[in-house]
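Basis for what follows: all heavy atoms, side chains included, without hydrogens, waters or symmetry-related copies. Nothing here was measured: the structure is a model prediction, and the numbers come from that model.
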Amino acid sequence: QMKVVESGGGSVQPGGSLRLSCAAFGSISKINVMAWYRQVPGNLHEMVAEVTSSGIANYGDAVKGRFTASRDDAKNTVYLEMASLKLEDTAAYYCNFDGIYNRRNIQVPGLWGQGIQVTVSS
């Protein structure tokens with residue numbers, strides 16, 4: 001059985017920084033894409049960042065130049081370094097693992113984190 005554990009988040013003033021971590025646990029041999037999404041109540045999920053298995057990172061327009069996503073395949077973990085935070089970055093942040101292969105090299109359904117709150121306020 002696989003599970004996902006998110007950590008980090010919290011409250012910060014505008015201009016501050018935060019770091020999120022998200023790890024997948026279970027019989028996993030490979031994860032193709034690790035990503036972060038965020039959601040404000042009443043709005044759709046917004047893609048924040050994704051990192052492919054080749055290490056290429058893509059970002060949503062709202063966070064380009066401020067957020068950095070990275071991954072550690074040995075730990076099945078994805079990170080999100082958030083800098084120069086703005087009020088509008090306030091949201092619940094969700095990690096996502098997609099293109100997961102177990103140790104029998106069989107693809108299994110993707111995984112979502114439980115969500116972690118980031119609040120930017122003065």
>> I'd like to know whether Ile31 forms a side-chain contact (heavy atoms from CB on, under 4.5 Å) with Asn76, so could you lay out the CA-CA distance, the side-chain angles of the two residues, the decisive distance to 0.1 Å, and finally the verdict.
In response: CA-CA 8 Å; Ile31 301 175; Asn76 291 323; 3.9 Å; yes
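Counting only distance, with no hydrogens or angles, the side chain of Thr90 and the backbone of Val120 share a donor-acceptor pair below 3.5 Å. Of the possible polar contacts, one joining the Asp89 side chain to the Lys86 backbone as a donor-acceptor pair under 3.5 Å is found. Of the possible polar contacts, one joining the Thr77 side chain to the Lys75 backbone as a donor-acceptor pair under 3.5 Å is found.
With sequence neighbours excluded, the residues that form a salt bridge (charged side-chain N to carboxylate O under 4.0 Å, His left out) with Asp73 are Arg71.
With a 6.0 Å radius and a threshold of 12 heavy atoms from other residues, nucleotides or ligands, Arg103 has its CZ atom above the threshold. More than 12 non-hydrogen atoms from other residues, nucleotides or ligands lie less than 6.0 angstrom from CD1 of Ile106.
Closest approach of Ala24 and Ile28 over heavy atoms only: CB-CD1, 3.8 Å. Counting all heavy atoms, side chain and backbone alike, Ala49 lies closest to Leu80 at CB-CD1, 4.2 Å. When all heavy atoms are compared, the tightest approach of Gly115 to Glu6 is N-OE2, 3.2 Å. Of all heavy-atom pairs between Val40 and Ala91, the closest is CG2-CB, 3.8 Å. Annotation for Val78 and Cys95: closest pair CG1-CB, 4.3 Å, computed over non-hydrogen atoms.
Between Thr52 and Met34 the shortest side-chain heavy-atom distance does not fall below 4.5 Å. Side chains of Val108 and Met2 form a contact here, defined as non-hydrogen atoms less than 4.5 Å apart. Using a 4.5 Å heavy-atom cutoff, the side chains of Val4 and Phe97 are in contact. Met47 has its side chain out of reach of Arg38: every pair of non-hydrogen atoms, C-beta onward, lies at least 4.5 Å apart. Side chains of Phe25 and Val5 form a contact here, defined as non-hydrogen atoms less than 4.5 Å apart. At least one side-chain heavy atom of Thr68 sits under 4.5 Å from a side-chain heavy atom of Tyr59. The side-chain heavy atoms of Asp98 and Asn32, taken from C-beta on, include no pair separated by under 4.5 Å.
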Please list, one pair per line, the donor and acceptor atoms closer than 3.5 Å that link side chains of residues 8-23 to other protein atoms, with sequence neighbours excluded.
residue : atom : partner : partner atom : Å
Arg19   : NE   : Glu81   : OE2          : 2.7

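Of the N and O atoms on the side chains of Thr119 and Ser121, not one donor lies less than 3.5 Å from an acceptor on the other residue.
No continuous path of ILVMFWY side-chain contacts below 4.5 Å connects Ile100 to Val51, so the two sit in separate hydrophobic clusters. In the hydrophobic clustering of this structure, Tyr37 does not group with Val118; members are Ile, Leu, Val, Met, Phe, Trp, Tyr whose side-chain heavy atoms approach within less than 4.5 Å, directly or through other members. Val63 and Tyr79 fall into different hydrophobic clusters, defined by Ile, Leu, Val, Met, Phe, Trp and Tyr side-chain heavy atoms under 4.5 Å apart, directly or through other members.
Distance check: Ser84 OG to Phe67 CZ gives 9.0 Å after rounding to the nearest 0.5 Å. Here Asn96 contributes atom CG and Trp36 contributes atom CH2; the two are 10.5 Å apart, rounded to the nearest 0.5 Å.
Between Lys64 and Asp61 a salt bridge is recorded (basic side-chain N to carboxylate O distance below 4.0 Å).
Using a 30° and 60° split on the angle between ring planes, Tyr94 and Trp112 fall in the perpendicular class, above 60°.
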